[in-house]
Amino acid sequence: MELSRNAIAVLERRYLKRDETGVPNETPFDMFRRVAYTIAQADLNYSKDADVKAVADEFYNLMTELRFMPNSPTLMNAGRPLGQLSACFVLPVGDSMVEIFDSVKNAALIHKSGGGTGFSFSRLRPLGSTVLSTGGVASGPVSFMKVFNTATEAVKQGGTRRGANMGILRVDHPDIISFIKCKSDSSEITNFNISVGLTEKFMEAVIRGEDYDLIHPATHEKVGTLNAKEVFDLIVDMAWKNGEPGIVFLDRMNADNVVPCVGEIESTNPCGEQPLLPYESCNLGSINLAKMLKREDGNYAIDYDLLGETVDTAIHFLDNVIDVNKYPLPEIDEMTKSTRKVGLGVMGFADMLYRLGVPYNSEEGIEAATSIMRFINDRAHEASCKLAQIRGAFPLFGDSTLANDEPIRNATCTTIAPTGTISIICDASSGVEPLFALSFVRNVMDNDELPQVDPYFEQVAKERGFYTPELMRRIAKEGTLHNIEEVPEDVKRVFVTAHDVSPKYHIRMQSAFQRFTDNAVSKTVNFPNSATRDEVAEVYMLAYRLRCKGVTIYRDGSRSEQVLYVGDKKTQEDEKKTPVVRAITPRPRPEVTKGITEKVVIGCGNLYVTVNYDDDGICEVFANLGRAGGCPSQSEATSRLISTALRSGMSVESIIEQLRGIRCHSTLRQKSTNKNIKVLSCPDAIGRVLERVVKIKAEEDARRMKDGEAKPKEYNPIEVEQLPVDFVHDDNDEPLDATCPECGCHMEHEGGCVICRACGYSKCN
């Protein structure tokens, strides 16, 4: 197994088992063996004589050869006590307080177990409707979305994955306008991706410029009309501004619903690729197409024999996951096993095209996508039918739309997911996206570090004689080969990146994969900052005409509040053109401070926490243990880091949020018997004292203002410097605006989500 340095770092950070001190106590090899052995156990359900070791070896080789990788919860949790292996779930949201808060509770349980959730809020009565039981009025879907959002914020997914949600509202819901606008403030509903559920009837009205009806979800009566084109234009406008909402075509999803007898598909998972019935889950995995190649006469060609074998084993693996999975709710267990949906997808498609010498944005590229996905989909169904001969068809097969066909084990077999961190493990391009950049700097604060270069592009550059570190830096800065004269034209033609691909080709590629995918395709259509609303509208209409099931767009720089700029006060135009990386200099420690010292009882004894401040704000923290023992070095390190962060301009509220709730076994063990212990740990104690000082400082400032003293000045300690290599730019020299909150590297908009390929952080998981 050849794992990149970055892959090993991501595995150690997010996937490997840890001991009580948080140190990984298994290797990547151990992890893959753990997963393979656990998933192979399901074979015993169908034969007492099953050779579990041989199956486990087959699964182990599949993963360690980086030919296939299951979704992250399977890697994290298989063979461990949690045992929850599914990535995505859909929960119903009924129109009563009991149903709504049952769904909030269930979502919290799913997020804790490592899954993401999708919801349709279309059944909730609109804002202002009468509530007969209380005589009050309904607060509407958007209000309750905020409740779900807050609950998600409070739950950390098993310590390894953060909560993610999809919120969908039908376009004919009376509150559709407020839903479309609900994320116009980027600080609102931050744990949701949102999409408008469009119907064929609505799209026909858009094309004709006609009005359409708004329907009350409880009475199913018409309660108003809107002009379809105006609503469509509002969706386009909001997406142009900040990338949301996306759109999903509900009627198309339900046309492929194989068990309409159970109900309607109303929502998808957080990235939109998996339409699911209420209480369904889906187990995803992806084939690394870059490994499905062979050499013929010195050139690369697709190895369909290897690809076929890989598909067969992957379907076997995913079907087994359904049986060994520990589901977070009994309703999910029952529904998932009734349809046994799996979602086999791909990654490394862009890498494959590079090696085949095929441009992504070409007719050859579209043809390659069509033929590859047709083969995978057909082979996956064949493999599922063979499993059905041994294990039986999925339980609802007789009531499904497939009842007259050959029995099949899984109601659906294929899904194109964004892949995110598993593509980092495989050192492959994500999903079916074009490569975001051929060269980029992983640590831009280190001027001596060489850029990270796509390995195959680096190989070609060296073979063709145009490789130099300086050129790779320039390519990292440009983000494209388009204007690089040193690169031969035939190389430029093949090695295209996301911003070389026109929006139309993004949609055509999505459509090509969708033709032979049971579920849906997660993909982001990237626009340059200069793109107009009309161009976004054109792509949405093209997605409709080309039979996509949904689409997400992102226009570079549209979330401009995330960018740091040079200088003090510049014109808006100048700010747009001068992106920089963070270079923060803490303000000096003031000579005179005041504050409080508080004694807090913890498991190790008495902790004395001192918090000092001056007119510019809280500036330092000290934490000292009153007797020997405990971990004084860690307390001192924590105090120094907090003090540095405070003097670097970090909000004290953000620091408190990070500290509060941290637990220490020593403190918790003694808390039950020592009633003087009111905290969970040293960091929790520091957070509580900081909270108290914030209130004291606020009261003091209020008194000063009342007495006519000058308002306390606001100190801005962030100083920035222009570095030789900074952010990737598009053709119009506009900044790509997201930086990773965990490592500070550049984030990529792809697969309907945002991913940091340096550390594996993802907005959606």
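Just so we're clear, the structure is a prediction, and the values are computed from it rather than from any experiment. Numbers for residues simply follow the sequence, beginning at 1.
- Side chain of Ser423 to main chain of Gly420: a donor-acceptor pair is present (N/O by atom type, distance under 3.5 Å, no hydrogens or angles).
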- [ ] Go through the steps for Leu344 and Val311 under the test side-chain contact (heavy atoms from CB on, under 4.5 Å), then give the verdict.
- [x] CA-CA 8 Å; Leu344 179 62; Val311 171; 3.9 Å; yes
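- One finds the CG atom of Asp312 at 9.5 Å from the CG atom of Leu307 (value rounded to the nearest 0.5 Å).
- Residues Ser281 and Thr336 bring a donor and an acceptor atom of their side chains to less than 3.5 Å of each other.
- Judged by distance alone, the side chains of Thr497 and Thr480 never bring a donor and an acceptor atom under 3.5 Å apart.
- In this structure, CE in Met63 is found 9.5 Å from OG1 in Thr74, a value given to the nearest 0.5 Å.
- Arg80 contributes no side-chain N or O that, together with a main-chain N or O of Gly83, makes up a donor-acceptor pair within less than 3.5 Å.
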- [ ] Walk me through it: do Asn325 and Ser86 pass the test side-chain hydrogen bond (donor to acceptor under 3.5 Å, both in side chains)?
- [x] CA-CA 8 Å; Asn325 204 342; Ser86 300; 2.7 Å; yes
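- In this structure, Glu334 places its CD atom where only 12 or fewer heavy-atom neighbours from other residues, nucleotides or ligands lie under 6.0 Å away.
- Salt bridge Lys53/Asp57: present, at least one basic N to carboxylate O contact under 4.0 Å.
- Salt-bridge annotation for Arg252 and Glu200: present, with a side-chain N of the basic residue lying under 4.0 Å from a carboxylate O of the acidic one.
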Open item on the list: ring pair (Phe, Tyr, Trp, His ring centres under 6.0 Å), that's the test. Do Phe317 and Phe68 meet it? Break it down for me.
Closed with: CA-CA 10 Å; Phe317 182 106; Phe68 164 86; 5.4 Å; yes
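- Ring geometry, Tyr456 versus Tyr300: the interplanar angle exceeds 60°, so the pair is classed perpendicular (tilted spans 30 to 60°).
- The two residues Val525 and Val551 make their nearest non-hydrogen contact at CG2-CG2, 3.8 Å.
- Leu85 and Asn71 make their closest contact through O-ND2, 3.0 Å (heavy atoms, listed as atom of the first residue, atom of the second, distance).
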- [ ] Test Lys326 against Asp333 for salt bridge (Lys or Arg N to Asp or Glu O under 4.0 Å), laying out the working first.
- [x] CA-CA 8 Å; Lys326 295 180 182 178; Asp333 188 315; over 6 Å; no
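- For Arg355, the salt bridge (Lys or Arg N to Asp or Glu O under 4.0 Å) criterion is met by no residue, not counting sequence neighbours.
- With respect to the salt-bridge test (charged N to carboxylate O, under 4.0 angstrom), the residues Arg391 and Asp43 qualify.
- Counting only distance, with no hydrogens or angles, the side chain of Thr415 and the backbone of Ala417 share no donor-acceptor pair below 3.5 Å.
- The distance between the ring centers of Phe513 and Phe349 falls below 6.0 angstrom.
- In this structure, Arg409 contributes its side chain and Gly392 its backbone to a donor-acceptor pair below 3.5 Å.
- Using a cut-off of 4.0 Å between Lys/Arg side-chain N and Asp/Glu carboxylate O, Arg379 and Glu309 are scored as not salt-bridged.
- Residues Thr414 and Asp518 come closest through the heavy atom pair OG1-N, 2.9 Å.
- Side-chain atoms of Asn377 and Thr517 form no donor-acceptor pair, as typed in the model, at a separation below 3.5 Å.
- A donor-acceptor pair under 3.5 Å is formed between the side chain of Ser371 and the backbone N or O of Ala368.
- No donor-acceptor pair under 3.5 Å is formed between the side chain of Arg374 and the backbone N or O of Phe516.
- Residues Asn410 and His381 have side chains that never bring a donor and an acceptor to within less than 3.5 angstrom of each other.
- The distance from the CD1 atom of Ile376 to the SG atom of Cys413 is 12.5 Å, given to the nearest 0.5 Å.
- Judged by distance alone, the side chains of Thr268 and Glu273 never bring a donor and an acceptor atom under 3.5 Å apart.
- Under a 3.5 Å cut-off, the side chain of Asn283 and the backbone N or O of Val342 do not form any donor-acceptor pair.
- Ionic pairing of Glu65 and Lys291 is not present here: no N-O contact between side-chain nitrogen and carboxylate oxygen is shorter than 4.0 angstrom.
- Formation of a donor-acceptor pair under 3.5 Å by the Thr419 side chain with backbone atoms of Ile422 is not found in this model.
- Side-chain contact, His111 with Asn165: a donor N or O sits under 3.5 Å from an acceptor N or O.
- Partner of Asp319 under the salt bridge (Lys or Arg N to Asp or Glu O under 4.0 Å) criterion, chosen from Arg340, Lys386, Lys341, Lys337: Arg340.
- Between the side chains of Gln274 and Asn519, a donor-acceptor pair is found at a separation under 3.5 Å.
- With 3.5 Å as the limit, one finds no donor-acceptor pair spanning the side chains of Thr552 and Thr524.
- When all heavy atoms of Pro503 and Val539 are compared, the closest pair comes out as CB-CG2, 3.4 Å.
- With rounding to the nearest 0.5 angstrom, the OH atom of Tyr360 is 7.5 Å from the CD1 atom of Ile366.
- Formation of a donor-acceptor pair under 3.5 Å by the Glu280 side chain with backbone atoms of Leu277 is found in this model.
- Using a distance-only test at 3.5 Å, with no hydrogens or angles considered, no donor-acceptor pair links the side chain of Asn254 to the main chain of Asn257.
- The 12-atom threshold is exceeded at CZ of Phe375, counting heavy atoms of other residues, nucleotides or ligands nearer than 6.0 Å.
- Counting all heavy atoms, side chain and backbone alike, Ser429 lies closest to Met347 at O-CB, 3.5 Å.
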Open item on the list: Phe527 vs Tyr554, test: ring pair (Phe, Tyr, Trp, His ring centres under 6.0 Å). Steps then yes/no.
Closed with: CA-CA 6 Å; Phe527 284 88; Tyr554 185 72; 9.8 Å; no
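- One distance of note links CD1 of Ile424 with CE of Met69; it measures 12.0 Å at 0.5 Å rounding.
- Between Arg493 and Asp500 no salt bridge is recorded (no basic side-chain N to carboxylate O distance below 4.0 Å).
- The environment of NZ in Lys504 is sparse: at most 12 heavy-atom neighbours from other residues, nucleotides or ligands sit within 6.0 Å.
- Side-chain contact annotation: Gln514 with Gln510, donor-acceptor N/O pair under 3.5 Å absent.
- Applying the side-chain contact (heavy atoms from CB on, under 4.5 Å) rule to Ser195 yields the partners Met166, Ile168, Val248; only residues at least two apart in sequence or on another chain are considered.
- Side-chain rings of Tyr354 and Phe495 approach one another, their centers coming within less than 6.0 Å.
- Surrounding CD of Glu2 are at most 12 heavy atoms belonging to other residues, nucleotides or ligands under 6.0 Å away.
- In this structure, Cys88 and Asn269 approach most closely via the heavy-atom pair CB-CB, 3.1 Å.
- Using modelled atom types and a 3.5 Å distance limit, the side chains of Tyr15 and Ser72 yield a donor-acceptor pair.
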TODO: Begin from the C-alpha positions of Arg464 and Asp490 and carry the test side-chain contact (heavy atoms from CB on, under 4.5 Å) through to its verdict.
DONE: CA-CA 11 Å; Arg464 298 286 294 271; Asp490 63 316; 3.1 Å; yes
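- A cation-pi arrangement is found for Lys462 relative to Tyr467, the charged atom lying closer than 6.0 Å to the ring centre and inside a 45° cone about the ring normal.
- For the atom pair OG (Ser120) and CD1 (Ile265), the distance works out to 12.0 Å, reported to the nearest 0.5 Å.
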